[in-house]
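Numbers here are sequence positions counted from 1. Hydrogens, waters and symmetry mates are skipped; everything else that's a heavy atom, side chains included, is used. All ligand and atom numbering here is 1-based and tracks the order in the structure.
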Amino acid sequence: MYGVTAGIAYRRQLAEICRRFRVPLRTVAIIPQELVARGITVLALDFDGVLAPHGAAAPLPEVLAWLKSCALVLGEERIFILSNRPDPLRADYFRREFPGIGFIAGVRKKPYPDGLLRIMELSGAAPKELLLLDDRLFTGVLATCLAGTGVAYITAPYISLTSRPVMEGFFMLLRLAERRFIALSDLLP
Ligand SMILES: [Mg+2]
């Protein structure tokens with residue numbers, strides 16, 4: 001419910017972000033060196049859709065290679081996982097494979113800005129130095145509006161219709177619905 005009321009309050013900003021990310025964006029198309037050139041020093045990464053399809057325990061192989069290059073450029077300790085499903089299997093995975101990457105848990109879920117604020121506190125980064133990669137308008141993207149951080153709206157998320165058809169179908173509809181909702185509400189005075 002908070003997502004809807006805050007989403008309406010921030011509809012102009014969300015509509016602007018939708019226009020800015022009109023071309024489908026995939027996670028691995030983001031080049032860490034370009035982020036650094038733009039003044040980004042900290043990455044916050046959503047998990048579902050951004051690192052892997054919904055419900056996966058670990059990032060996809062192509063994302064792993066990308067994550068390693070981000071870690072080389074920024075440093076592992078400048079990367080954080082901020083998922084609304086901070087499940088222990090995923091936390092274990094990162095502790096084992098990327099011990100420097102922070103795994104945020106125990107905060108109110110996005111769109112509350114709490115996770116992003118926690119990351120700024122842990123890293124000492126200013127809002128403009130922090131970039132969240134997220135595939136959901138009314139959760140992650142909205143949280144960046146509330147926290148004043150940068151956002152990369154992943155409009156070509158990872159989806160596996162063969163392994164989780166119902167769940168993925170539901171999230172495909174949800175992503176479409178939230179974009180339509182913002183496009184329509186932006187037309188209102
Ligand atoms: Mg997601």
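Taking the Mg ion (ligand 1) as reference, D135 places its N/O/S atom OD1 nearest.
For residues 100-117, every residue pair satisfying the salt bridge (Lys or Arg N to Asp or Glu O under 4.0 Å) rule, not counting sequence neighbours, is listed here: D46-K110, R108-D114, K110-D134. The ring-ring contact (aromatic ring centres under 6.0 Å, His included) analysis of residues 23-62, with sequence neighbours excluded, yields the pairs H54-F171.
Neither side chain, R11 nor S185, offers a donor N or O lying under 3.5 Å from an acceptor on the other.
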Chi angles and distances behind the side chain to side chain contact (heavy atoms under 4.5 Å, CB included) call for L161, M172: CA-CA 10 Å; L161 276 172; M172 284 168 80; 4.1 Å; yes
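Residue D134: no N/O/S atom is found under 2.8 Å from the Mg ion (ligand 1).
Vertex the Mg ion (ligand 1); arms to D48 atom O and D46 atom OD2; angle 90° (nearest 10°).
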